[in-house]
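One is the number of the first residue; the rest follow in order along the sequence. The analysis underlying the following values was restricted to heavy atoms, covering all of them including side chains, and did not include hydrogens, waters or symmetry mates. Order of listing sets the numbers, starting from 1, for every ligand and every atom in it.
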Amino acid sequence: MAKDIYSRSFIPFAQMEEFGRDPFVITRGDGVRIFDDRGNSYIDGLSGVFVVGIGHGNRRVIDAMYRQMQELCFHPSMHSSNPAALQYAKDLLEFARMDGVFFLSGGSEATETGMKMARQYHRQTGSPLKYKVLATYGSFHGCTAGATAASGGPERRTPYEPLTVGVIHLYPPYCYRCPFDQEYPGCGITCAKLVEYTIKNEDPDTVSAIILNPVMISSAGFIVPPAEFHQMVRTICDRYNVLLIYDEVITGFGRLGEPFAADYFQVRPDILCCGKGMSGGYAPLAAALFTEAIRQAFAGKAGDRREFHHGHTYTGNPVACAAGHAVLKEIEERNAIANGRGMGERIRVRLEAFKERFPFIGDVRGIGLLQGMEFVQDRERKEPFGPDTPIVKLIDQAARKRGLIMRCGPDYIALAPPLIITSSEVDEMLDILEDSLVEAAGKL
Ligand SMILES: Cc1ncc(COP(=O)(O)O)c(C=O)c1O
């Protein structure tokens, strides 16, 4: 391959000259493993990026897509539907316990759709002034303009400002580094109370929705909220007629050991945005799911302009929907969610043991098959390492060399392997991680 293609073919969030010096090119996947163009094999400890829940090379999904391709690959989504989309919609809505679905191709489209849907919903239900969206610092909701505006990490947002007006960021429920210096449960969940304070002070008549990553993995690290947080926010949203949008692009489709974070936290959002694990990586597929109240707000007669004025060329694409449907059946019939829950517990026990052994592990957090650790140079003061000691880079390099891919942030590492991982594969993954921690510790 001509070397200069690396600098001319951009990949997201990467400096291409540097990437081109040591390009990572993945050529094949099989179950929980991926292979690069140099013949190296890796455990996919991140499921792609929280995507490949049922593993690589799944025959059922490939066959379903092939069958669909022979029947129909595409139709114009603005004035027609297709059997694959309709069948999938029916089964997906049952699985998610929601009342309506709008199919999309990626997570950013899903969150963007959710926020637009909230705005139009209010216009059509007697609250036309509601347009503001609350979101949290450190969150990530995607890269389209509205999703970028809602995302709370400055590094991906500020280069594009000014963006959509009306987004207000709040502190996330980050107990390990509580910005109010409080401790759970004595804190009374100040971070949830501030949602109400903000709505009141912004004027409830202007606030349309709050969008949340129910469990956040982003620039701010890896954040698991206290149990009551989501229930309190739900109550506040109801009080002020603010729609609750869950961005479940990572947490959906079994990642937390339940179908959705909404099930785990026992809170129904008004709009649930999903993607990633929805198609297991076999096709670009995402969705905004919504409640009956929202569905009804868009009902009307042709010509009265109450329909959703929104859509994409690939909305409800038959091949993507065939993939999503086969993935859903695979998740259900292989009991993949329960397996993921068990494997998550197995990982957690081992991470807690690592914390006993390695003083630079400040905290271990996670739910289901989404587990991680935050690193500090001083446990008492919770002081991060800083740029001169790239602890995460050291661990990541050591793990890659040994054949493990993980999610690595500035101060944290997260593990989110496919839901179908076995206990021996989990043990292999954690043996590699343990050796990598030892190697990194030796370089500190
Ligand atoms: C929580 C969350 N929301 C939205 C998105 C955007 O999804 P996509 O990259 O499919 O547009 C991502 C992507 O990483 C995500 O993690």
Taking non-hydrogen atoms only, is F50 closer than 4.0 angstrom to ligand 1 via side chain, backbone, both or neither?
neither

Could you tell me whether K276 approaches ligand 1 through its side chain, its backbone, both or neither, with non-hydrogen atoms closer than 4.0 Å?
side chain

Taking atom 3 (N) of ligand 1 as the reference point, the nearest protein heavy atom with its distance
D247 OD2, 2.7 Å

Shortest protein heavy-atom distance from atom 9 (O) of ligand 1, along with the residue and atom involved:
S108 OG, 4.2 Å

Taking only heavy atoms of [X] into account, list the atoms of ligand 1 that are under 4.0 Å away from them.
X    : answer
I250 : 16 (O)
V249 : 2 (C), 3 (N), 4 (C), 5 (C), 12 (C), 15 (C)
N213 : 1 (C)
G107 : 6 (C), 7 (O), 8 (P), 10 (O), 11 (O)
H141 : 3 (N), 4 (C)

Side-chain donor-acceptor pair under 3.5 Å between [X] and [Y], yes or no?
X    : Y    : value
Y6   : E17  : no
H75  : S80  : yes
D36  : N40  : yes
Y131 : H122 : no
S436 : R400 : no
E248 : T251 : yes

Do any N/O atoms on [X] end up under 3.5 angstrom from N/O atoms on ligand 1?
X    : result
T111 : no
G142 : no
E109 : no

Answer with yes or no after comparing the ring centroid distance for F308 and H310 against a 6.0 Å cut-off, counting only values under it.
yes

A side-chain contact here means heavy atoms from C-beta on lying under 4.5 Å apart; do E374 and F360 qualify?
no

